[in-house]
Amino acid sequence: MPPPAKNFLTPLQVTQLQQALKENELAHVRERILIILLQNDGRTQKEISRFLGCSPRTVAYWCMHGDPDNLESLHNKREYEHYRKATTEYIELLLKTVERTPSDLGYEFGRWTAERLATYLTEQTGIKLSSSQVRRILKRKKYSYIWAKYDLESKQKPIERALFQERLRDYLAVARDYPELLQVWFWDESGFSLRVIRRKNWGKKGQRKRIPGQRRRGRINVMGAIRESDRKQVCFFIEKGNADIFLEQLQQFNELIKQEWVNKGNRSVDFQSHGPRIILILDNASFHKRQDILSKISKEFPNFRLDFLPAYSPDYNIIELVWHSCKEYIAHRLFHSVNELKLLLDRLLNQGELVIKWHRKIKNKGNNHYIAA
């Protein structure tokens, strides 16, 4: 037998084969790729057969017929028996349809499923494919079936957002130049659950796992604020969110700011008259805007000014990114009790252990680029 060929593949062919080896889900295709790569490495057919545990006849066939420039040649023809029923026009229409919302085409449902896509495309093209065939085509085109994220843009009011952004820009300009006169804080509430219920979960194939719907079991509720100038966080653990508790936490918040001011050598009695003015940016929760609470805030905290966000605009509240980062941190950790979760949250939120990547742009989670601008 002549010595095996070696290094007959170009660097580009080797790279393409290695990439296909990582990405392909079919075991027999990966085996054929390995045969070609091992042959390129100078291995004999007998060595390749022993290494991969396949027959010498299989190795000999693919050493001769495997085409590194045509990876489709490594697949079995029967894999394409159904796929080839879809014409180029069918596939193009499928990809265009997936990118459109069903309502654009006159349907009442909100999301495309493979079954709905197959039915719609049968009506449009006359080509009848099953939902599994449609799903296979989409997977080959690098689509995956994941939860969609609801968009708030359709509910937002651009004029209100523009006016708020202008006010916020003015606040931040003064606060950065004269921090002893003005401070800008962002306020919000959030909840952290010991048991996070997800509709998707790992389970045995063919068996649907049942999960009890105790969504609020082990929940920790938090109210808090973050100062824009130095990212100082102040968070309070609460039983639930309502107007009275909101007022109580504002009283504690006021005391913390006053104490910080006194620690700089000022007198406590002069805080209301000579202390910094506090701009508190917060959302439009009903208990934030209860008239009796607003009257008490105006009377008890003359230094405070509440400025409410435009409707459906959490992207202007940078504390949303704090909550999001914290939930990311605890998402894959195990807790044996609510107290254990609470202790970790206190370390993250009040003791500065939470690392936040402020440069990230996460939809509806407090876009720091708005603030930095």
Side-chain angles (χ1 to χ4, degrees), residues 146-147 149-150 152 185-203 208-228 230-257 259-260 280-288 309 314-368:
I146 56 176
W147 285 333
K149 189 171 182 63
Y150 288 105
L152 298 178
W185 290 77
F186 295 83
W187 181 280
D188 195 28
E189 300 80 25
S190 188
F192 300 84
S193 180
L194 192 63
R195 175 181 293 177
V196 181
I197 300 298
R198 299 294 184 201
R199 290 176 60 196
K200 290 185 177 179
N201 203 345
W202 288 105
R208 188 183 296 272
K209 184 175 290 187
R210 295 184 179 275
I211 303 176
Q214 300 174 9
R215 292 177 178 271
R216 298 186 63 84
R217 180 176 179 179
R219 181 180 173 87
I220 303 292
N221 296 309
V222 180
M223 276 188 182
I226 182 170
R227 185 162 52 198
E228 189 278 332
D230 58 359
R231 299 297 193 267
K232 177 181 174 65
Q233 300 169 32
V234 176
C235 296
F236 309 101
F237 296 104
I238 59 175
E239 289 296 324
K240 59 181 179 179
N242 60 36
D244 296 324
I245 291 178
F246 172 53
L247 181 61
E248 290 177 9
Q249 306 316 311
L250 278 185
Q251 290 169 343
Q252 293 188 50
F253 178 59
N254 180 66
E255 290 300 319
L256 288 172
I257 296 177
Q259 188 59 50
E260 184 182 54
L280 202 61
I281 307 294
L282 66 171
D283 62 26
N284 293 274
S286 57
F287 60 82
H288 289 165
L309 291 163
D315 48 331
Y316 279 117
N317 195 342
I318 59 173
I319 200 172
E320 294 282 1
L321 191 55
V322 176
W323 305 144
H324 181 75
S325 302
C326 191
K327 289 177 180 179
E328 279 185 329
Y329 185 87
I330 69 174
H332 306 294
R333 284 166 171 76
L334 298 177
F335 302 97
H336 298 290
S337 66
V338 177
N339 287 334
E340 189 177 340
L341 172 61
K342 188 174 181 179
L343 289 172
L344 177 59
L345 289 173
D346 183 60
R347 283 167 36 209
L348 294 175
L349 297 173
N350 290 327
Q351 299 179 33
E353 292 191 15
L354 180 64
V355 177
I356 304 171
K357 298 178 181 177
W358 295 105
H359 64 277
R360 291 196 301 174
K361 295 181 180 179
I362 304 176
K363 202 174 185 75
N364 304 326
K365 295 299 180 184
N367 193 330
N368 187 57

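What you see is a predicted model; the values in this text were computed from it and never measured. Position 1 is the first residue of the sequence, and the numbers go up from there.
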message = I'd like to know if the side chain of Asn221 and the backbone of Glu239 have a donor-acceptor N/O pair within less than 3.5 Å.
response = yes

ask   = Below 4.5 Å, heavy atoms only, C-beta onward: do Gln252 and Val234 meet side chain to side chain?
value = no

task = Give a yes or no on whether a salt bridge exists between Arg227 and Glu260, defined as a side-chain N under 4.0 angstrom from a carboxylate O.
result = yes

key: Aromatic ring pairing Trp323/Phe192, orientation class (parallel under 30°, perpendicular over 60°, tilted between)   = perpendicular

request  = Apply the test side-chain contact (heavy atoms from CB on, under 4.5 Å) to residues Tyr329 and Leu344: give CA-CA distance (whole Å), side-chain angles for both, the deciding distance (0.1 Å), then the verdict.
outcome  = CA-CA 10 Å; Tyr329 185 87; Leu344 177 59; 4.1 Å; yes

request  = Heavy atoms only: give me the nearest Ile281-Asn317 pair and the separation to one decimal.
outcome  = O-ND2, 4.3 Å

request  = Would you give the length of the straight line joining atom CD1 of Ile319 to atom CD of Glu189, rounded to the nearest 0.5 angstrom?
outcome  = 8.5 Å

query = Roughly how far, to the nearest 0.5 Å, is the CZ atom of Phe253 from the CZ atom of Phe246?
reply = 10.0 Å

inquiry  = Taking the side chain as everything from C-beta on, heavy atoms only, tell me whether Glu248 gets closer than 4.5 Å to Phe236.
reply    = no

remark   = Heavy-atom closest pair (Cys235 atom, Leu349 atom, distance to 0.1 Å) is SG-CB, 3.8 Å

Distance in Å, Trp358 CH2 paired with Ile318 CD1, rounded so as to fall on 0.5 Å steps = 5.0 Å

key: Worked verdict on Gln351 versus Asp346 for side-chain contact (heavy atoms from CB on, under 4.5 Å)   = CA-CA 7 Å; Gln351 299 179 33; Asp346 183 60; 2.9 Å; yes

task = Go through the structure and list residues passing side chain to side chain donor-acceptor pair (under 3.5 Å) with Asp283, not counting sequence neighbours.
result = His288

ask   = Roughly how far, to the nearest 0.5 Å, is CZ of Arg219 from CG of Leu341?
value = 11.0 Å

Heavy-atom closest contact (Met223 atom, Ile238 atom, distance) = CG-CD1, 3.5 Å

query = Passes side-chain contact (heavy atoms from CB on, under 4.5 Å), Asn350 versus Phe237? Steps please.
reply = CA-CA 11 Å; Asn350 290 327; Phe237 296 104; 4.2 Å; yes

note = Closest non-hydrogen contact found for Phe186 with Tyr316 is CE2-O, 3.3 Å

inquiry  = Please give me the minimum heavy-atom distance between Leu348 and Gln233, naming the atom from each residue.
reply    = O-OE1, 4.3 Å

request  = Using the side-chain contact (heavy atoms from CB on, under 4.5 Å) rule, take Leu280 and Leu250 through it: C-alpha gap first, then chi angles, then the decisive distance, then the call.
outcome  = CA-CA 10 Å; Leu280 202 61; Leu250 278 185; 3.6 Å; yes

Atom of Lys327, atom of Ser190 and distance for their closest heavy-atom approach = NZ-OG, 3.2 Å

Residue of the set Ile356, Leu345, Leu321, Val222 for which side chain to side chain contact (heavy atoms under 4.5 Å, CB included) holds with Cys326 = Leu345

task = With rounding to the nearest 0.5 Å, note down the distance linking CG in Leu282 to CG in Leu309.
result = 7.0 Å

